[in-house]
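Working notes for the structure below.
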There are 2 protein chains.
Amino acid sequence: MKDHNDMPGHLARRFQQIAVAVFLAEVEDAGFDLTPVQYAALATIKANPGLDQVTLAGLIAYDRTTITGVIDRLVQKGLAERRPSSRDRRARELEITDEGRRTLRKITPAVESAQRIMLRGLSAKESEELMRLLRKAIAAGNELSRAPLRDAQV
Amino acid sequence: MKDHNDMPGHLARRFQQIAVAVFLAEVEDAGFDLTPVQYAALATIKANPGLDQVTLAGLIAYDRTTITGVIDRLVQKGLAERRPSSRDRRARELEITDEGRRTLRKITPAVESAQRIMLRGLSAKESEELMRLLRKAIAAGNELSRAPLRDAQV
DNA sequence: GGATATTGATCAGTATGCTGACTATCAGTA
DNA sequence: TACTGATAGTCAGCATACTGATCAATATCC
């Protein structure tokens, strides 16, 4: 391991750093103020209306303690709602608001543009291969983080 | 872009999340308390004795405002020293301590083991390919983050 | 030489992400 | 039913990361 360029951990950090910067820049250019994490949460709430926070966390592999703050900010921005569940008084049901739906719709081009930009050094084939390898490595390491990906239990 | 598994940004976050978790677990198992960022900083200080904080930041692509805290903690743990530069009174020269050198030496197996574990789902060839693609994507996006990688200017 | 611009370091503020602890609630069982 | 264990959510505390600002010192240009 001569230098950090041979270390997958360093490369992971670096790629993520660039991915976040590109995402924020594209989204801001489009006139919005939403972080990658907030975007993923909002999109997942929209796709799974009424889900609780733990389920949301599992679907996008966040730690449950991180989710609290993320949702606080989505609620504060008027993009999502958090209300007590009727079935389980411990849980909160999450819903997207009309404003959240509007934001998601308008922000999508910027998000997709960001995904292209962060791969701009790679050909289409290389991009596919990178994503395939990342998915494979992630699948094998899923249980190694405190916040593994979980299927929605229906 | 059907779901987040098609988004390189999401995969980047996920892979990094696992990489950090694996690193911390391996290092803790070895009896040490050092984060990936602290390790990279310490190794780079050792390889470039007397460098200043901005140069260090450039070599490992950290934001300069992040470096301050990282070094605070390395100094507090007795692994590095920060002293005023004689050539430039704005700058601080960084040195590794004997304790830091000892720690680096003893921690290396855990760090290398972590790099293997985070790639355990991939063959050797796939691992090489993943790193190649990450390096390529990173090189093309280097200037897109606030903390690009910089060569040491000698 | 002196005004100007740049640079090294830090700071306040904000947002992830984690550990570990805690409360309230629920589920299963003796 | 009472006890036990698990679960949903939150909180305090800590460590990255970033934005934007400030201060001191150095470089540059006229």
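Below, each value reflects all heavy atoms present in this structure, side chains not excepted, and no hydrogens, waters or symmetry copies. Not measured: the values here are computed from a predicted model. Naming: A, B, ... by sequence-line order, numbering from 1 per chain.
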>> Whether A/Gln16 contacts C/dT16 is assessed here as follows: a side-chain N or O lying under 4.0 Å from the phosphate OP1 or OP2. Is that the case?
In response: no

> Does OP1 or OP2 of D/dA17 have a side-chain N or O of A/Arg14 closer than 4.0 Å?
Replying inline: no

>> What is the distance, to the nearest angstrom, from the CG atom on B/Leu74 to the P atom on D/dA15?
In response: 11 Å

>> Taking B/Ala61's backbone N and O only, do any of them form a donor-acceptor pair with A/Gln17's side chain (distance below 3.5 Å, no angle check)?
In response: yes

> Within this structure, what is the CD-to-P distance between B/Gln53 and D/dA24, rounded to whole angstrom?
Replying inline: 18 Å

>> Looking at A/Lys77, I'd like to know if its NZ atom is crowded, meaning that more than 12 non-hydrogen atoms belonging to other residues, nucleotides or ligands lie closer than 6.0 Å.
In response: yes

> NA contact type, B/Arg146, heavy-atom cut-off 4.0 Å: base, sugar-phosphate, or nothing?
Replying inline: base

> What integer distance in Å separates A/Ile71:CD1 from D/dC11:C1'?
Replying inline: 16 Å

>> Rounding to an integer number of Å, can you tell me how far B/Asp33 CG sits from D/dT16 P?
In response: 10 Å

> If you check every side-chain atom of B/Val37, which of D/dG9, C/dA9, D/dA17 has the closest atom?
Replying inline: D/dA17

> Does a side chain donor of either A/Arg82 or A/Gln53 reach within less than 3.5 Å of an acceptor in the other side chain?
Replying inline: yes

>> When you measure from the side chain of A/His4 to the backbone of B/Thr44, do you find a donor-acceptor pair of N or O atoms at a distance under 3.5 Å?
In response: no

>> Does A/Arg90 contact D/dT7 through a side-chain donor or acceptor facing the base, at a distance under 3.5 Å?
In response: yes

> What is the distance, rounded to the nearest whole Å, between atom CD of B/Gln76 and atom P of D/dC14?
Replying inline: 10 Å

> Any side-chain N or O of A/Thr35 under 4.0 Å from OP1/OP2 of C/dA15?
Replying inline: no

> Can you tell me the Watson-Crick or wobble partner of C/dG2, both distances under 3.5 angstrom?
Replying inline: D/dC29

> Using a cut-off of 4.0 Å on non-hydrogen atoms, how would the nucleic acid contact of B/Asp63 be classed: base, sugar-phosphate, or nothing?
Replying inline: base

> Rounded to whole angstroms, how far apart are OH on B/Tyr62 and P on D/dT16?
Replying inline: 8 Å

> Where the side chain of A/Gln38 is concerned, which of C/dT16, C/dG8, D/dT16 is the nearest nucleotide?
Replying inline: C/dT16

> Want to settle it: does A/Arg13 or A/Arg82 sit nearer the 5' end of DNA chain D, counting the closest nucleotide to each?
Replying inline: A/Arg82

>> So, using ring-ring contact (aromatic ring centres under 6.0 Å, His included) as the criterion, who are the partners of B/Tyr39 when residues are at least two apart?
In response: B/Phe23

>> Pick the closest DNA chain C nucleotide for A/Gly69 and for B/Asp52 by heavy atoms, then say which residue is nearer the 5' end.
In response: B/Asp52

>> Under 4.0 Å, counting only non-hydrogen atoms across every strand here, what does B/Arg64 touch: a base, just sugar-phosphate, or nothing?
In response: base

> For A/Gln17 and D/dT16, is the shortest distance between a side-chain N/O and OP1 or OP2 below 4.0 Å?
Replying inline: no

> What nucleotide among D/dC18, C/dT25, D/dA17 has an atom nearest to a side-chain atom of A/Arg89?
Replying inline: C/dT25

> Atom CG of A/Leu56 to atom P of D/dT10: distance rounded to whole Å?
Replying inline: 12 Å

>> So for atom CD, which belongs to B/Glu143, do other residues, nucleotides or ligands contribute more than 12 heavy atoms lying within a distance under 6.0 Å?
In response: yes

> Just to confirm, is there a sub-4.0 Å distance from OP1 or OP2 of C/dA9 to any side-chain nitrogen or oxygen of B/Thr68?
Replying inline: no

> What is the distance from CG of B/Leu24 to C1' of D/dA15, rounded to the nearest Å?
Replying inline: 10 Å

> Considering only C/dG20, C/dA9, C/dT16, which nucleotide approaches the side chain of B/Ala91 most closely?
Replying inline: C/dA9

>> Of the options D/dT26, D/dC18, D/dT10, whose atoms approach the side-chain atoms of B/Asp88 most closely?
In response: D/dT26

>> Strictly below 4.0 Å: does A/Arg87 bring a side-chain N or O up to OP1 or OP2 of C/dC26?
In response: no

